[in-house]
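Below you'll find the structure, written out as structure tokens, and then a few comments.
So you know, we letter chains A, B, ... as the sequences are listed, proteins then strands, and number each from 1.
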Amino acid sequence: MPLSSEDIKKLGQLARLKLTDKEIAQYRTELGGILRYVDQLRTARIPKAANNKVVATPWRDDAVITWPDDERLAALEQAEELNEQVKVKRILA
Amino acid sequence: MNVNELTIAEARCQLDSGQLTAVELTSACLRVSRKLNKKLKAYLYIDEAGALKAAEEADRRLEAGERTPLLGVPFAAKDNIMTKGLPTTAASKMLGDYIAPYDATVIARLRAAGAVLLGKTNLDEFAHGSSTEYSAFGPTKNPCDQTRVPGGSSGGSAAAVAADMCLFALGTDTGGSVRHPAAFCGVTGYKPTYGLCSRFGLISMTSSTDVPGILAKSPADAAIVLEAIRGEDKHDATTVRSKQARPKPFSWKGMRIGVPKEYLDFKLAPSMRSAFDKTVARLKKSGAVIAPIRLPLTPYAVAAYYIITPSEISSNLARFDGLRYGHRPKKAKDLQDYYLTAREEGFGPEVKRRIILGTFALSAGYVDAYYKQAQKVRDGIKTEFDSAFKKCDLILTPSTPGPAFKLGARKNPLAMYLEDVFSVPASLAGLPAISVPAAFKPLPVGIQFISPLLSDDMLLSAADAYHTLPG
């Protein structure tokens, strides 16, 4: 299925990707080719599911797992600014 | 022979007898790695100080009388696997200065076993690719021919093993990323059953098919490494409890080897075709029974994979927004622009391509036609494998359509995706699979064995029996 430049731009917005006009043109051609190939999925003849074993998801206790302090701090130290709290960009206007 | 060229099994004898120390073995690997890395770019980071410290510790344990399989054995790890205190970049500018705060479970288990981590190896950015050319830090070269790619996405790990820069390496395999470069570099590449080894600490790509994998100099070495990393992990709910099967002497006599017609319908390079035909003949001569089997959905596997994978990628990579993780842009007008710029500057072209494709496949109006249809095909592929394994014990296929291609030869993304045509079906079905070298001249090519879920021990025994089969 062919995609328009508008489609690519819209997908870029949904995926939070800033795309240049050159990228839009490039991805339009490339994704068009990939989707033409992928479209063959519609013609696949799928055998009746024999009995694909469904593996049950294991349960774990609903309990706090304490993490080693050094690893927790090493993760926090990579924050842009750390002062008892992690400072991030303002996300509410 | 230099000690860095030893297999794990050979090094074990020398380390245990005191003929060789872990520091000597580690130093030899570091020396070769430093020397060859300038040209090959197999490593993104070599941790000399950390490796020597770990080797000294291993020597202390050896002196104290400990005799365990990986004690003092140097290895490398793909740079999308978390290694505490060391850079873990996924070969992306997005994580260019990221330091992992903890060890992946597979790394923690190897360290506890006394294995010595040498450094972090190159890959296609976020493991998206089949040539290691999509690394944001430059491509790895194939040690067998430096004008060619090493395959991917674990190309750095495969090249490091092939060039004897380490004794084994960890990779990750989502659709063939361990088996493909192993075939191109002439080494063993093993992808475990999904759930046999923990994914905790792997940078997520396609959570439903990602597995840690092993690149080694022989299937026997891969089995030694598996023993150390396998098993349940409370940090990964998809892991299964599994103990190593009691080793049985392996014989090809009466083994039913399934050869799927559909795999051979693809265009194969002449060297791959001839290595495959010779393999079939050798196995027959050894007493195996060759069983023709049908896997009719094989031609659809790449199409299904390249819908499911980008879909999971578009979701898994949403966390890299400059706030929660990743590159922070210097300038941005507002919050929206901050996100857009972080991702524009941080991601390379293949990552963006996959995110856009996945966003499309999951978007309203298309999810049924693409994502859900791909999942149905995936279920069908599982069903076909289940039926096939009623007629055979193992499936034999080529590992790749041909040998390593020239750097820059696959410009079209679809042509690159089709490199994975033989490896994605086992990934979609969660099955264990292994690529072993079938010929080395003029360039290495590999053959792949696929076996039923959780039959990994049998698979490794069979691959080792093939590896040691006379001429």
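Within the 4.5 angstrom heavy-atom criterion, only side-chain atoms of Gln26(A), from C-beta onward, approach chain B. Heavy atoms of Leu3(A) lying under 4.5 Å from chain B belong exclusively to its side chain. Of the atoms belonging to Arg72(A), not a single heavy atom falls under 4.5 Å from chain B. If you measure heavy-atom distances from Asp97(B) to chain A, the contacts under 4.5 Å come from the backbone alone. Contact annotation for Leu31(A): only side-chain heavy atoms (C-beta onward) come within less than 4.5 Å of a heavy atom of chain B. Proximity to chain A (any heavy atom under 4.5 Å) is restricted, for Leu418(B), to the side chain, taken from C-beta onward. Only the side chain of Trp67(A) has a heavy atom closer than 4.5 Å to any heavy atom of chain B. Of the two parts of Thr359(B), the backbone and the side chain both hold a non-hydrogen atom closer than 4.5 Å to a non-hydrogen atom of chain A. For Glu345(B), no part sits under 4.5 Å from any heavy atom of chain A, backbone or side chain. Of the two parts of Tyr417(B), only the side chain, counted from C-beta on, holds a non-hydrogen atom closer than 4.5 Å to a non-hydrogen atom of chain A. Interface residue Arg328(B): only side-chain heavy atoms are found under 4.5 Å from chain A. Using a 4.5 Å cut-off between heavy atoms, Tyr338(B) contacts chain A through its side chain alone, with no backbone atom that close. With a 4.5 angstrom heavy-atom cutoff, Leu317(B) does not touch chain A via any of its atoms. When heavy atoms are compared at a cutoff of 4.5 Å, Ile356(B) approaches chain A by way of both its backbone and its side chain.
Enclosure of atom NZ in Lys10(A) is not indicated, since only 12 or fewer non-hydrogen atoms of other residues, nucleotides or ligands lie within 6.0 angstrom. More than 12 non-hydrogen atoms from other residues, nucleotides or ligands lie less than 6.0 angstrom from OH of Tyr37(A). Shown here is Asp265(B), whose CG atom has more than 12 heavy atoms of other residues, nucleotides or ligands within 6.0 Å.
One finds the CD atom of Gln373(B) at 4.5 Å from the CD1 atom of Ile46(A) (value rounded to the nearest 0.5 Å). Note that the CG atom of Leu357(B) and the OH atom of Tyr27(A) stand 11.5 Å from one another [nearest 0.5 Å]. With rounding to the nearest 0.5 angstrom, the CG atom of Leu14(A) is 12.5 Å from the CD1 atom of Ile355(B). The OG1 atom of Thr341(B) sits 3.0 Å away from atom NZ of Lys18(A), with the distance rounded to the nearest 0.5 Å. One distance of note links CG of Leu11(A) with OH of Tyr366(B); it measures 9.0 Å at 0.5 Å rounding.
Taking the centre and axis of the six-membered ring of Tyr370(B), the NZ or CZ atom of Arg42(A) falls inside the cone set by 45° and 6.0 Å.
Heavy atoms only, all atoms of each residue included: Gln40(A) and Tyr300(B) are closest at O-CE2, 3.2 Å. The minimum heavy-atom distance linking Ala74(A) with Pro101(B) is given by the pair CB-CB, 3.9 Å.
Within the 3.5 Å criterion, the main-chain N or O of Ile99(B) finds a donor-acceptor partner in the side chain of Gln78(A). Between the Arg343(B) side chain and the Arg16(A) main chain, a donor and an acceptor come within less than 3.5 Å of each other.
Per-residue heavy-atom pair counts under 4.5 Å with chain B were compared for Val38(A), Leu41(A), Ile8(A), and the maximum is reached by Leu41(A). Each of Asp7(A), Leu76(A), Thr43(A), Val88(A) has some count of heavy-atom pairs under 4.5 Å with chain B, and the biggest count is that of Thr43(A). When the candidates Thr238(B), Asp321(B), Val302(B) are compared by the number of heavy-atom contacts under 4.5 Å with chain A, Val302(B) comes out ahead. With respect to chain B, the highest number of heavy-atom pairs below 4.5 Å among Ala79(A), Ala75(A), Ala44(A) belongs to Ala44(A).
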side-chain hydrogen bond (donor to acceptor under 3.5 Å, both in side chains) between Tyr102(B) and Asp70(A), intermediate numbers included: CA-CA 9 Å; Tyr102(B) 63 90; Asp70(A) 67 318; over 6 Å; no
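In this structure, the side chains of Lys352(B) and Glu23(A) come closer than 4.5 Å at one or more pairs of heavy atoms. You'll find the side chain of Leu17(A) stays beyond 4.5 Å of the side chain of Glu344(B), heavy atoms only. Taking the side chain as every heavy atom from C-beta outward, Lys84(B) and Glu71(A) approach each other to under 4.5 Å. Counting heavy atoms from C-beta outward, Pro296(B) and Arg45(A) have side chains that stay 4.5 Å or more apart.
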